[in-house]
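Data first, discussion second: the structure below is written as structure tokens.
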2 protein chains.
Amino acid sequence: MTTTRPDSALELRERFTRYLRDRRLPVTRQRLQVADVLFHAPDHPSVDGISRDLKRRGVTVGTATVYRTLDLLVESGLVREHDFGEGFRRFESMTTRSHHEHLVCQRCGQVVEFVNERLERMLDMIADEHTFLHRRHRVEIFGLCPDCRGRDAADLRASVTS
Amino acid sequence: MTTTRPDSALELRERFTRYLRDRRLPVTRQRLQVADVLFHAPDHPSVDGISRDLKRRGVTVGTATVYRTLDLLVESGLVREHDFGEGFRRFESMTTRSHHEHLVCQRCGQVVEFVNERLERMLDMIADEHTFLHRRHRVEIFGLCPDCRGRDAADLRASVTS
DNA sequence: TTACGTGCAAAGGCTTTGCAGTCGG
DNA sequence: CCGACTGCAAAGCCTTTGCACGTAA
């Protein structure tokens, strides 16, 4: 279940390189390193998470460069930007998986992805009904993941007993 | 269509007063003024918008107090907090209307509300499927409102002609 | 009277910007 | 070589916090 999808990552790096070359933008060590970290991330890292990951690998990339590279990655369409209302952004590389939404655990921060075709169609319909041109959307369900759900119930029992 | 819902606003102010009294918290001029501005707002104002509205009415309330009052209003359940990914929060008073979602225009910032029972049920189902305890959710559709949609097409024609 | 609120200014957290030095193509 | 990038530090935003003073009950 925790696949690293190395082949996907390689392909994405190539696509990013191509994107840069097409626009006559330098393909620098920093840009590739930031992209690689993100392409290999199994989750939805924040800028801080990406920086720490880079440090762990022994390389240092200035914060400003990380932000600037993320802008490029988002523009290129290879990376998706998220704002789960935590006060900072998270990023996610686009694998071959289809468009998906998120379930966010309010206790442990775990993010689970889900796909639902019917939901997507319904959103198209709703936009149409309001004569809106539908460009993108965001569906997030907040609550407790299976683990935290049980733990919360346990906490409650403990507090009642004490 | 642009109803100010004055009766609703009055009732909400009363409910807020009751909320404060119940917790033995002082009912101050500032708290009521911030609440009133929000209860009368037809849209989803930001902290800055609320402050400017207060100034327009000739009263001044410190920024810190506005933030602290908004915390109370959200805790009381009379106000809903939103984050449309703009880098700041927006607030909306809970009228008697049922739970709703938002269509956001990426050009002019207009926010249109919509209600869709089927959508709500579908989200419950999805959370269930993943054994998540569903506490709240967020559905936002971004794009162009009817007005901006036309304007964008016009811009495009103009740029092609020039 | 007294606990809590208020306003100001300072601090905080995330992100962007300005600029001198550096490097890819 | 030149234009674009990088890193650092400073600045920008929104929001929170500390503190002396004020006020609701």
Side-chain angles (χ1 to χ4, degrees), chain A residues 13-14 16-38 44-55 57-76 79 81-91 109, chain B residues 13-14 16-38 44-55 57-76 79 81-91 109:
Chain A
R13 198 184 60 173
E14 224 163 272
F16 185 44
T17 305
R18 219 176 306 141
Y19 176 83
L20 293 173
R21 286 209 220 289
D22 287 353
R23 322 205 138 199
R24 309 241 142 74
L25 296 176
V27 178
T28 63
R29 170 184 68 80
Q30 290 89 334
R31 286 179 174 171
L32 289 179
Q33 284 173 334
V34 169
D36 271 345
V37 161
L38 203 39
H44 305 68
S46 59
V47 168
D48 189 57
I50 292 170
S51 291
R52 276 190 282 103
D53 206 337
L54 285 166
K55 208 161 289 169
R57 294 186 183 205
V59 291
T60 332
V61 178
T63 317
T65 302
V66 174
Y67 276 102
R68 289 187 281 231
T69 303
L70 286 169
D71 284 346
L72 286 171
L73 286 163
V74 170
E75 278 166 32
S76 76
V79 163
E81 187 183 341
H82 292 295
D83 177 357
F84 293 141
E86 302 163 296
F88 54 85
R89 288 174 292 168
R90 289 178 175 277
F91 298 85
Chain B
R13 199 187 58 173
E14 224 163 274
F16 184 44
T17 305
R18 218 177 306 141
Y19 176 83
L20 293 173
R21 284 209 221 290
D22 286 353
R23 324 205 139 197
R24 312 241 140 74
L25 296 175
V27 178
T28 64
R29 172 185 67 80
Q30 289 90 335
R31 287 179 175 170
L32 290 180
Q33 283 173 334
V34 169
D36 271 344
V37 160
L38 202 40
H44 304 66
S46 59
V47 168
D48 190 57
I50 292 169
S51 291
R52 277 190 282 102
D53 205 336
L54 286 166
K55 208 162 288 170
R57 294 184 182 208
V59 291
T60 332
V61 178
T63 316
T65 301
V66 174
Y67 276 102
R68 289 187 280 232
T69 303
L70 285 168
D71 285 346
L72 286 171
L73 285 163
V74 170
E75 279 166 32
S76 76
V79 162
E81 187 181 341
H82 292 295
D83 178 357
F84 294 141
E86 303 163 295
F88 55 85
R89 288 175 291 169
R90 287 178 177 276
F91 298 86

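Note on naming: letters A, B, ... go to the chains in the order of the sequence lines (proteins, then strands), and numbering restarts at 1 for each one.
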**Q.** Annotated protein contacts, base or backbone, on nucleotides 17-25 of chain D with a non-hydrogen cut-off under 4.0 Å, one of B, S, - each
**A.** BB-----SS

Q: Quick one, give me the B/S/- string for nucleotides 10-15 of chain C, reading 5' to 3', where B means a protein heavy atom under 4.0 Å from the base and S means that only happens at the primed atoms, P, OP1 or OP2.
A: ----SB

Q: Over all heavy atoms of both residues, which pair between B:Tyr19 and B:Glu75 is shortest? Give the atoms and the distance, please.
A: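 Shortest heavy-atom separation between B:Tyr19 and B:Glu75 comes out as OH-CB, 3.6 Å.
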
Q: Of all the heavy-atom pairs spanning B:Ser51 and B:Val66, show the shortest one and how long it is.
A: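 Looking at all heavy atoms of both residues, the closest pair is OG-CG2, 4.1 Å.
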
Separation of [N] [atom2] from [X] [atom1] (nearest whole Å):
X	N	atom1	atom2	answer
B:Glu81	D:dT16	CD	C1'	14 Å
A:Gln33	D:dC5	CD	P	17 Å
A:Glu86	D:dT16	CD	P	15 Å
B:Leu54	C:dG7	CG	P	10 Å
A:Arg18	C:dG25	CZ	P	16 Å
A:Arg31	C:dG24	CZ	C1'	10 Å
A:Gln30	C:dC23	CD	P	9 Å

Q) B:Thr60 near the nucleic acid: base, sugar-phosphate alone, or nothing, with a heavy-atom cut-off under 4.0 Å? A)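 If one applies the 4.0 Å heavy-atom cut-off, B:Thr60 turns out to touch the sugar-phosphate alone, with no base involved.
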
Q. Looking at five pairs on each end of the helix from C:dT1-D:dA25 to C:dG25-D:dC1, what is the angle between the two axes, given to 10 degrees?
A.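 Roughly 30° between the end axes, to the nearest 10°.
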
Q) Do NZ/NE/NH1/NH2 and the carboxylate oxygens of A:Arg18 and A:Asp22 come within less than 4.0 Å? A)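 No, no charged N to carboxylate O under 4.0 Å.
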
